[in-house]
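What follows is one structure encoded as structure tokens, with my remarks underneath.
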Amino acid sequence: MSAALAPALHGLTILERGWLSSNNVLLHGDDSRAWLVDSSHVLHGAQTVALLRQALRGATLAGIVNTHLHSDHCGGNAAVQRAFGCTVTVPPGQWAAVQDWDEQALSYRPTGQRCERFVADACLRPGQSLEVGGRRWQALAAPGHDPHSIVLFDDREGVLISADALWENGFGVVFPELEGEGAFDDVAQVLDLIESLDARWVIPGHGAPFSDAPGALQRARRRLDGFRTNPRRHSRHAIKVLVKYHLLEVQQQPWVDFLAWFTEVDLCRVIWHSLGRPDGTMPAFAERLVGELMAIGVLSRRDALLINA
Ligand SMILES: [Zn+2]
């Protein structure tokens with residue numbers, strides 16, 4: 001059954017956005033007060049506000065709940081706050097970092113990504129619930145991709161908002177692993193937790209909603225096994241994700257500016273070192289990575305480096 005027709009998804013508007021911007025899930029309330037799960041990337045702020053205005057159909061937006069604070073999930077918080085005057089609820093582990101706007105702890109500096117500062121009003125702790133439109137969304141801890149991430153589960157309808165913990169084909173980069181903090185076990189435990197929920201529908205952070213959770217779990221576990229067996233494969237995958245995401249942010253960039261970004265971003269340096277400094281220098285490594293991304297059609301290089309939309 002398509003997601004649009006599924007009774008379990010009634011009362012939800014799922015705005016599927018892409019890779020630079022996470023999906024947005026609008027939870028419609030009985031009392032004309034809706035809640036938004038995740039707000040996309042800062043560059044798409046105006047589009048997010050326009051899509052929300054249309055989807056709200058005159059209802060009030062009470063608040064945003066962020067599953068985690070990566071730039072593709074909360075970059076629109078500030079624009080949405082300005083447009084609708086709503087509150088923002090964040091996972092508890094990053095409350096202090098938001099208050100201080102600590103771009104190191106919030107990952108924007110080490111990843112070389114952009115996010116507009118916003119104000120957080122409350123936390124949703126694992127075990128707590130958000131009640132909207134007759135549904136009770138329980139927050140569950142989902143470390144791995146991000147140590148502070150939560151996912152939201154509506155037990156009665158069997159709907160899981162899985163953020164980047166589970167996609168139809170895989171899961172998000174396991175960022176703590178890149179800095180030497182083991183987190184593959186966390187990913188495995190979260191996949192076990194998701195399996196135990198017996199979800200009938202999964203609304204991922206990226207990609208369309210899907211109903212075959214067992215199939216997705218099987219693919220995710222296979223992928224995780226591959227990374228565990230060969231962590232270098234995960235690191236190489238991660239650095240390509242960082243490069244691709246950066247090009248999605250800037251769309252195109254002169255090669256010298258791209259190299260300046262690549263060689264200055266902490267996480268790129270950390271990964272290059274952890275891989276044993278392949279190609280001798282970071283610029284040479286960048287050449288090779290970009291060549292590999294061009295070979296699969298993700299990037300092009302003419303006067304500048306371009307992302308192929
Ligand atoms: Zn993420």
Side-chain angles (χ1 to χ4, degrees), residues 14-25 36-44 48 64-77 88-94 97-98 102-116 118 120 124 126 139-152 160-179 181 183-184 186-187 190-191 193-194 202-209 216 220 223-224 227 234-235 237-249 265-268 271:
I14 300 157
L15 302 170
E16 191 187 334
R17 304 296 295 277
W19 288 105
L20 180 61
S21 274
S22 70
N23 293 339
N24 319 124
V25 188
L36 177 69
V37 181
D38 289 339
S39 66
S40 299
H41 191 272
V42 61
L43 288 182
H44 295 162
T48 303
I64 299 169
V65 177
N66 289 122
T67 57
H68 61 304
L69 299 184
H70 284 163
S71 59
D72 53 334
H73 288 254
C74 69
N77 281 11
V88 170
T89 297
V90 298
Q94 291 205 294
V98 174
D102 177 348
E103 294 209 341
Q104 186 70 30
L106 290 168
S107 84
Y108 315 133
R109 192 170 306 143
T111 56
Q113 295 174 4
R114 294 173 51 189
C115 187
E116 186 180 351
F118 59 87
L124 185 64
L140 303 167
H145 164 68
D146 176 272
H148 309 292
S149 184
I150 58 165
V151 294
L152 296 167
L160 175 69
I161 297 175
S162 65
D164 295 340
L166 180 69
W167 299 332
E168 192 165 14
N169 286 296
F171 46 81
V173 165
V174 187
F175 281 97
E177 281 283 339
L178 302 173
E179 308 207 65
E181 294 164 33
F184 288 147
D186 287 337
V187 174
V190 169
L191 295 177
L193 168 75
I194 291 175
V202 179
I203 307 170
H206 304 267
R223 191 169 179 76
L224 178 62
F227 289 155
H234 175 254
S235 298
H237 162 69
I239 200 162
K240 285 184 187 169
V241 168
L242 285 172
V243 167
K244 182 181 163 188
Y245 190 86
H246 172 66
L247 263 301
L248 281 168
E249 271 193 351
V265 164
D266 283 354
L267 205 49
C268 292
I271 295 173

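Remember, it's 1-based here, ligands and their atoms both numbered in the order they're listed. No hydrogens, no waters, no symmetry mates; every other heavy atom, side chains included, goes into these values.
S22 and D72 share no donor-acceptor pair across their side chains, judged by distance under 3.5 Å alone. In summary, the side chains of S71 and Y245 do present a donor paired with an acceptor at a separation below 3.5 Å, with no hydrogens or angles considered.
Among residues two or more places apart in sequence or in another chain, the salt bridge (charged side-chain N to carboxylate O under 4.0 Å, His left out) test is passed with E168 by none. For F184, the ring-ring contact (aromatic ring centres under 6.0 Å, His included) partners at least two apart in sequence or on another chain are H234. Scored by the salt bridge (charged side-chain N to carboxylate O under 4.0 Å, His left out) test, K240 finds E292 as partners (sequence neighbours excluded).
Less than 2.8 Å away from the Zn ion (ligand 1), the protein contributes these N/O/S atoms: H68 NE2, H70 ND1, H145 NE2, D164 OD2.
Under a 3.5 Å cut-off, the side chain of H41 and the backbone N or O of L43 do form a donor-acceptor pair.
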